[in-house]
Amino acid sequence: MLSAATVSALMLAASTSAATLTAEATLKVDQPGPKIDKYVYGQFSEHLGAGIYEGVWVGEGSKIPNVRGIRTDVVNALKEIKVPLIRWPGGCFADEYHWRDGIGPRDQRPSRKNNWWGGSPESNHFGTHEFFDFAEQVGADAYVSINVGSGDPTEMREWIEYMTSPGEDTLAQERRKNGRDKPFKVPVIGIGNESWGCGGSMTPEYYSNEYRRFNEFFHKGADNPALRIAVGPPSGGDDDNWTEVVMKQIGSGRMDGLSLHYYTLPTGQWEKKGASINFSRQAWVDTFSRTLKLEDFIVKHGAIMDKYDPEKKVALYVDEWGTWYDVEPGTNPGHLYQLNTLRDGVLAAVNFNFFHKHADRVKMTAVAQTINVLQAMILTKDDKILLTPTYYAFKMYVPFQDSTSLPLELNPPTFTSGDKTLPAINASAAKGKDGKTYIGLANMNPDDEVKLTVNLGTLKATKVSGEVLTAPKMDARNEMGVPATVVPVSYKGGKISGNKLTLNLPAKSVVVVKLD
Ligand code: AHR
C-alpha cells in the first residue's frame with residue numbers, strides 16, 4: 001500500500017515529466033493543390049490467414065449473419081469508413097492464383113494449398129463472383145491483381161474478358177451461367193505483384209519485357225478501361241535501379257501506375273520485427289522513425305519517375321503499407337495475425353499526411369490488410385468483431401477522400417530518444433467536398449502535448465470542431481467482446497482568434513478538425 005505522500009510525489013513526478021511543446025504553421029487556402037483521390041484510402045485483402053475465410057467469407061450456411069456468405073458485421077463496418085477500393089486476391093497469393101479455380105458451383109471447385117501463407121487449405125469458395133459481391137456490398141471499387149509469375153497472358157486475357165465482356169462471347173456467357181449478367185466493373189488491374197520476389201524473382205529488365213508482353217494482350221479499351229499498375233521497387237524502397245529500368249523500358253504510355261510497397265517493422269529486422277503490444281517507449285520511437293522513411297521513398301522514387309514521366313501521367317500506388325510485427329504468440333506464423341494499438345492508429349494518420357502532401361503523384365494506396373492480417377481495420381473471433389485504432393484513424397480521415405489538398409507549412413518541434421530525433425507532429429490540410437477546410441494531425445511524441453498555432457491566412461473561419469483519438473497507454477487497444485475504449489471523441493482543444501487557430505494536441509494522438 002503506498003502512502004498518500006508517496007502517491008502525491010509520484011503524481012508530481014508524472015505531471016512534471018510531460019511538457020508542452022510549441023509549433024507554428026501557415027495554411028494557404030488561396031493556393032489549392034492537387035486532388036486527394038479517394039483511392040488513397042484503399043484496402044488490401046489477400047487470401048492469407050483469416051483475412052478472407054473467417055474475416056469476410058463465412059458461407060451461406062453460417063450462423064454468423066451474412067448476405068450470400070459474406071459477413072454482414074464486417075460489410076457494415078467497412079461501409080462506415082467508406083472504403084473506396086479493395087485490392088485482391090494478393091499479394092504473393094496472386095501469382096499462384098488461377099481464376100478458373102474460383103468460379104462455378106462451389107462444391108466442384110478444387111482445393112489447393114496456399115503455399116505462401118502457412119500451407120493452409122484454399123477451398124476456392126471465395127472466387128471472382130464472391131469478391132465482386134463483397135466489393136459491391138461495401139460500395140468499393142475493385143483492384144484485381146493478375147498472375148504474371150506462374151500464369152500467362154492468355155489466362156489474364158480470358159479472366160479480363162470473363163469479368164468485363166458485355167457481349168455474347170463464350171466467356172461472357174459463362175459468367176452469365178455463373179449468375180452475373182452485367183459485366184463486373186474493374187477499374188484497376190495490377191500486372192504482377194512483387195515480381196522481384198514472390199512474384200517470380202525477376203530482374204527489372206526481365207519484368208519489363210514480361211509486362212510489355214502481358215500489356216499487348218490486355219486490350220485496354222471500352223470494355224476494359226482498367227488502369228494498369230506495374231510492379232515497383234523491392235519493399236524497403238532502396239532499389240532505385242528497379243524504378244529506373246521499369247520506367248524507361250515499359251514507358252509511361254504502357255502503364256498508368258507504379259506500385260510501391262513499404263512495411264514498418266519496429267526493429268527493421270525481418271527475423272525479429274518487434275511486438276505488437278507490451279512494447280517499450282524506444283520501440284514506439286523506432287517504429288515512427290521507420291515509418292517516416294516512407295516519405296523519403298515517395299520523394300526518391302517520385303523523382304526517378306519525373307525523369308521519364310515529367311507530366312506525371314503515371315501515378316505512384318503505395319498498394320501495400322502498414323505495420324508488420326511478430327505474430328501473436330500461439331498463432332500460425334504464416335497467418336500474420338497481430339494486435340493493433342494506439343500506435344497503429346497514430347502511424348496510420350502520419351502516413352495519410354504524407355500521402356496528402358504528395359497527392360500530385362500518390363493517387364492510390366492500400367493498407368495491408370483489411371481484416372485479421374497485419375495492420376488490420378477489423379479483427380474477428382467467431383461471431384464477434386473488434387474495430388481497431390487503425391479503423392478509427394481511417395474513419396476520422398474520411399472527409400479527405402476526394403478533397404483538394406491545401407498547403408500547410410509546418411515547423412514541427414522535435415523530440416529525441418536514444419540516437420533518434422523525430423518531428424513530434426505531422427499534418428495536412430484540404431478543402432473537403434462539402435467546401436469546409438479540414439486539418440489532420442498526428443502527434444508522434446508519446447509524452448508531450450504540442451500547442452500548435454496556425455496562421456489561417458485568408459481563410460475566414462470562426463468555429464473549430466473535430467475529433468481526437470488518444471489513450472493513456474502507448475499500447476492501448478480495443479478488446480474482443482468488451483466496449484471499445486480507443487475511439488475518437490469530440491475534440492475540445494481548438495480555438496480561433498482572428499486569423500489564428502490554436503490546437504492543443506495531446507501526446508500520442510490523432511486529431512482531425514473542421515473549420516467553419
Ligand atoms: O501483405 C503480405 C505480403 O507482403 C504480400 O503478400 C506481399 O505482396 C508482401 O510481401
Side-chain angles (χ1 to χ4, degrees), residues 42-53 55-56 85-97 112-120 122 126 131 143-151 188-202 207 229-239 242 246 257-265 268-271 273 276 290-291 294 297 316-328 331-338 340 344 347-348 351 364-379 388 390:
Q43 300 274 330
F44 174 37
S45 297
E46 180 170 15
H47 286 235
L48 193 177
I52 295 291
Y53 300 105
V56 175
L85 187 76
I86 304 174
R87 177 173 184 251
W88 172 86
C92 297
F93 179 82
D95 280 286
E96 272 194 23
Y97 183 63
R112 308 272 183 215
K113 186 171 167 192
N114 190 334
N115 288 304
W116 289 109
W117 305 118
S120 304
E122 165 57 59
F126 191 88
F131 166 65
Y143 173 177
V144 173
S145 279
I146 56 105
N147 179 347
V148 169
S150 67
V188 188
I189 295 183
I191 303 188
N193 168 74
E194 298 195 352
S195 303
W196 36 262
C198 67
S201 266
M202 300 177 196
Y207 172 71
I229 312 308
V231 170
S235 301
D238 284 328
D239 187 347
W242 180 281
V246 163
L258 182 75
S259 86
L260 177 73
H261 292 179
Y262 184 79
Y263 285 101
T264 302
L265 283 59
Q269 306 296 321
W270 286 99
E271 306 71 45
K273 298 176 262 300
S276 63
R290 293 217 157 73
T291 224
L294 175 54
F297 292 129
L316 193 59
Y317 270 36
V318 188
D319 55 13
E320 286 186 31
W321 68 271
T323 53
W324 193 324
Y325 305 125
D326 297 330
V327 294
E328 195 43 21
T331 63
N332 185 328
H335 287 184
L336 311 187
Y337 179 80
Q338 65 188 38
N340 194 293
D344 298 270
L347 183 140
N351 283 288
M364 176 267 181
T365 88
V367 64
Q369 300 194 6
T370 318
I371 305 147
N372 292 330
V373 176
L374 299 177
Q375 190 177 347
M377 312 304 105
I378 301 174
L379 302 177
T388 66
T390 301

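Atoms within each ligand, like the ligands themselves, are counted from 1 in listed order. Small disclaimer: the values here were computed from a predicted structure and weren't measured.
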Q: Look at atom 10 (O) of ligand 1 and say which protein heavy atom is nearest, naming residue and atom and giving the distance to 0.1 Å.
A: E194 OE1, 2.7 Å
Q) Do any nitrogen or oxygen atoms of W324 come within less than 3.5 Å of a nitrogen or oxygen of ligand 1? A) no
Q: Could you tell me if any non-hydrogen atom of W117 lies under 4.0 Å from any atom of ligand 1?
A: yes
(Q) Testing the 3.5 Å rule here: is there a donor-acceptor pair between the side chains of W116 and H47? (A) no
Q. Which class fits the ring pair F131 and W88: parallel under 30°, tilted 30 to 60°, perpendicular over 60°?
A. parallel
Q: Give yes if a backbone or side-chain nitrogen or oxygen of C92 is under 3.5 Å from a nitrogen or oxygen of ligand 1, and no if not.
A: yes
Q. For ligand 1, is there an N or O atom under 3.5 Å from any N or O atom of E320?
A. yes
Q: Have a look at ligand 1 and work out which part of F93, if any, has a heavy atom under 4.0 Å from it: side chain, backbone, both or neither.
A: neither
Q) Atom CG in N351, atom CH2 in W321: separation rounded to 0.5 Å? A) 5.0 Å
Q. Closer than 4.0 angstrom: is that true for some heavy atom of Y263 and an atom of ligand 1?
A. yes
(Q) Show the atoms of ligand 1 that are less than 4.0 angstrom away from any heavy atom in G91. (A) 5 (C), 6 (O), 8 (O)
Q.
Only heavy atoms of F44, strictly under 4.0 Å: list the atoms of ligand 1 that pass.
A. 1 (O)
Q | Short side-chain donor-acceptor distance under 3.5 Å, Y53 and N114 | A | no
Q) For V56, which of T370, N372, I86, I371 qualifies under side-chain contact (heavy atoms from CB on, under 4.5 Å)? A) I371
Q.
Please find the pair of heavy atoms, one from D326 and one from K273, that lie closest to each other, and give the distance.
A. OD1-N, 2.8 Å
Q: Measure N193 to ligand 1 on non-hydrogen atoms and call it side chain, backbone, both or neither using the 4.0 Å cut-off.
A: side chain
Q) With no hydrogens and no angle check, do the side chains of T323 and Q338 hold a donor and an acceptor under 3.5 Å apart? A) yes
Q: Examine the side chains of Q375 and T390 and answer whether a donor and an acceptor come within less than 3.5 Å of each other.
A: yes
Q | Atom indices of ligand 1, in the order listed, that fall short of 4.0 Å to a heavy atom of Q369 | A | 1 (O), 2 (C)
